[in-house]
Each structure stands twice: as C-alpha cells, then as structure tokens.
Amino acid sequence: MRTFFRSVPKRLAERLRHDFQFWAHPAQLPPEGRWRTWVFLGGRGAGKTRAGAEWVKRLARREGRRRIALIAPTLHDVREVMIEGASGILKGADAPMRYEPSRRRLVWSNGAQAFGFSAEDPESLRGPQFDAAWADELCYWAHPDATLDTLAHALRLGDDPQLLVTTTPRPTPALKKLLASDGVAVTRATTWDNAENLAPGFIEALRAGFSESVRQRQELLGELIEDPEGALWTRAQIEACRAPAPETFDEIVVAIDPPVSVGPDADACGIVAVGRAGEVVFVLADATVQGKAPAQWAACAGTLARSVGAHAIIAETNNGGELVRTVLRIAAQNTPVLSVQARDSKFARALPVSALYAQGRVRHAGAFAALEDEMCAFGARASGKSPDRVDALVWAVTHLLITRARPRIGVL
C-alpha cells in the first residue's frame, strides 16, 4: 500500500489516503445484506477500533443517524480508545465535530451526536434512546449481559437501529449468546491481516514468537476457542501442562492411528511423538497427515521417529494389519515396530489418559493446535470425524505409562 501511494499523483494519493472504503481490508467493512448486529472478531491490531470509528462517522455524516451510543469496558476506554485514540473517531475526522468531555459526547455540525457509556454501569443506558451503537471489547466488560440487555431496549429509534460489536474473542457466555442470536453478521480478521498498518518490527517479533497457544490464537488470530461441555480435556488444563522438554528421555515412541481407507475424504493418519522422563511424559510432535497413501503416511512416521530418536513405533493394527506391518517395516528402517489391538472404544481408552493429564503426568513441550482442538472436543459430542490425533496420543501415553509390559503388545 505504501508503494502504491508513492506511485500515484500526490492529489489523488491524498484523497485515497482518507478513503477508508478504498484501503480497508474486508473484515473492516460492514457486511452485505440486512443485519441488526455486526460482530467483528479480530486479533490485537487487526483494525477493529478503526472499523468501529469509521462506521460511526459514516452513520453520522451520510446515513442520517442522530443518536449513537459508544460503550467500552470503562469511561476511560471510551475516551482514550474509541474517541481520542490513535484509531478513534477524532483521528482523521473529515467533517466538523466537537468533543465535549464533560458531557461524554461528540457533536457533528449536522446535529448527529454520539454518547459515551461504561459497561461498568449498565443502568446508565436506561432512559436514553439511540438509532445505532458501537460496543468495543465486549469480552472484557464487567457486566456484559446486563449492559447488552439494557442497550437492546435503548436501540429503538429509526427504521433500522444497528449495533456493531468489536472485540478480541474469548469464549464468554455473553459473546456466545450474541453469536447465536438472529440477525447477527460476523466478520473476522487476524493481526496479520492489518500488518500494513502496523510497525514492521512488531509484526516480525510476533511471527518469531508465534506458537499457536490458545492465548495467541485468540489474541492474534481472533479465534473463538471454547470448551464443549463433556469433553475429556479443557483448554485451561492443556495450557497448565505446557513445559519445556528435558534434555534426555528414558524412552520415546511414535504412535500411529492408521486410516482404513485412502483419498481426500478418508480419515487422517494420526502420528504423534511422546517421550518419557521418569514418571512424566512429554508430547513432542504431531505429524498427523490426511489423504495420504499407506506408503506415504508410513514414511512420515518413519521420518518423525528418526528426527526425535524414537525407540519404537506403536501402531494400531485392528484394520489392515498386514498392510500396516508391511509399510512400517519398510519405512521404519532400524526402529522397532510394536503392534497394539484396540479392545475397548476410543473413549474408554482415552479416559485413563485424561486422568494422567489431571495428575500432571503428561506435559506438552510446545503448542499443537490441531491436536489440542481435537482433545478439547473429544467426548463432548459426535462430530462424525474420527479423533485420529487423540487416538495416536492415547496409544503413546498408554504404552509409556500404563501398559508397557503387557504381553498383548508384540514385536511385528
């Protein structure tokens, strides 16, 4: 974008520089069609505040809205972020307006007004009425339900009152309830989507330190990550089990949950590496692949085994036993291959492993987003998708901490 502005005539560049519709990324623009509430979920620096400020200015200048509510976690946030902030309403204002801090309001020359409110005081919204509202950082409000309920009764002016919610997502009941409501349109953006407007050094530092932890996925990718009821693992539990891997291990294994078919719609081949140090095991890698032929997923397993120095490959052989044996013998080279037979359901096999997590005996030496997503959904509801990563993890942990000496595990 900066290169573009240098390449066009100065007068045109200056006009386009202030044309938000021109340079905004798609998530910053109001969704098409009819909606009553627009929810913009974005990572830090994704352009949420600028989108809200530009939307309010557009309503006041061009769409005839006359009373607009501005709600933030605190009154300080209303002023310092929504109004006077670097991306706030007063930034780059191209229409006459005045800010009256003592009355917590903005007044445009055409008579439109915007009023500031704090989510710490939901009752302050009782009485006033509006034809639009911008709610910033909903997930960090002190009283989100009470504030939204009171605001809903205040949005009663005009033919089409609308609400914009801009927030970094967290799985709060208020946000989940709002997203499930009728007439809600959602846009999403990551921090990287707005990189053009952020300091290069800031972006480089984020990329270097990005680890796909739950916090970073919410704070940077703007993902709404929640714990389904009934799942065997929770996000908080997994975050608490993160720890650096020790320098040496007593034993390292790569476990495989082979798919029973081949093709783009086939189940994935779960491939997970786990190491044991004393009575604690560490998840080291998730190399799960999908849509690969047997020779290909076996090669991936063999490569991972060599890279982590695995003492053995654990393979479930209920389905395609001879095929699994053959391809792994070829791919494993000098790594022993052990077979396991599933006699219980996936859920029954996972229960003792989830108990080991609760005891603090399983750690994650890194962030494994896809595996952890599957773990935190496992057991909650039938998704129709096989938990292949979880099954591989369960086989590895079971071998290292529970059934290493049982005779039903034999060398192929």
Side-chain angles (χ1 to χ4, degrees), residues 204-217 220 232-257 269-289 297-316 328 331-340 350 352-376 388-406 409 411:
E204 291 171 6
L206 288 182
R207 292 190 189 280
F210 185 66
S211 66
E212 287 194 298
S213 67
V214 170
R215 179 175 176 81
Q216 288 190 336
R217 289 171 64 191
L220 302 181
L232 290 187
W233 289 273
T234 68
R235 300 287 177 180
Q237 182 184 43
I238 291 176
E239 289 300 315
C241 79
R242 299 199 193 283
E247 293 185 2
T248 59
F249 288 98
D250 299 317
E251 185 178 3
I252 299 173
V253 298
V254 169
I256 303 175
D257 178 36
C269 177
I271 306 173
V272 175
V274 181
R276 179 175 62 83
E279 295 304 312
V280 178
V281 298
F282 293 78
V283 180
L284 303 176
D286 172 17
T288 298
V289 293
W297 54 250
C300 292
T303 298
L304 178 61
R306 289 187 291 275
S307 69
V308 299
H311 296 83
I313 294 176
I314 311 296
E316 180 183 329
L328 285 175
Q333 296 182 359
N334 297 324
T335 305
V337 178
L338 310 178
S339 68
V340 289
V353 173
S354 69
L356 291 170
Y357 271 85
Q359 295 169 12
R361 295 181 62 191
V362 184
R363 307 292 178 84
H364 285 205
F368 311 103
L371 170 62
E372 291 163 9
D373 285 349
E374 202 171 271
M375 292 171 67
C376 292
D388 308 296
R389 299 171 193 269
V390 169
D391 217 27
L393 168 72
V394 166
W395 283 123
V397 176
T398 298
H399 170 78
L400 292 172
L401 289 180
I402 301 175
T403 61
R404 296 194 308 276
R406 288 188 180 178
I409 300 178
V411 179

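- Contact of the Leu356 side chain with the Val281 side chain is not registered, since no non-hydrogen atoms from C-beta on lie closer than 4.5 Å.
- Across all their heavy atoms, Cys376 and Thr234 have their closest contact at SG-C, 3.7 Å.
- Minimum heavy-atom separation, Val253 to Ala396: CG2-CB, 3.9 Å.
- Of the listed residues (Ile256, Leu328, Ile314), just one forms a side-chain contact (heavy atoms from CB on, under 4.5 Å) with Val337, and that residue is Leu328.
- A side-chain donor-acceptor contact under 3.5 Å links Asp250 to the backbone of Gly278.
- The shortest distance between side-chain heavy atoms of Val308 and Phe249 does not fall below 4.5 Å.
- Taking CG of Leu338 as the reference point, atom NE2 of His311 lies at 12.0 Å (rounded to 0.5 Å).
- Using a distance-only test at 3.5 Å, with no hydrogens or angles considered, a donor-acceptor pair links the side chain of Thr288 to the main chain of Ile271.
- Here the closest non-hydrogen pair linking Leu371 and Val390 is CD1-N, 4.0 Å.
- No donor-acceptor distance shorter than 3.5 angstrom exists from the side chain of His364 to the backbone of Arg242, with no hydrogens or angles considered.
- Not one N or O on the side chain of Arg276 forms a donor-acceptor pair closer than 3.5 Å with the backbone of Leu401.
- Residues Glu374 and Leu393 are not in side-chain contact: their nearest non-hydrogen atoms beyond the backbone lie 4.5 Å or more apart.
- Inter-residue side-chain proximity for Val353 and Trp395 is flagged as unmet; no heavy-atom pair is nearer than 4.5 Å.
- Heavy atoms only, all atoms of each residue included: Phe368 and Ala285 are closest at CE2-CA, 3.8 Å.
- Annotation for Ala331 and Ala298: closest pair CB-O, 3.2 Å, computed over non-hydrogen atoms.
- Residues Val254 and Ala273 approach most closely at CG2-CB, 4.0 Å, considering heavy atoms.
- Between Tyr357 and Met375, some side-chain heavy-atom pair lies under the 4.5 Å cut-off.
- You'll find the side chain of Arg217 reaches within 4.5 Å of the side chain of Asp373, heavy atoms only.
- Of the possible donor and acceptor atoms, none in the side chain of Arg235 sits under 3.5 Å from a partner among the backbone N and O of Gln237.
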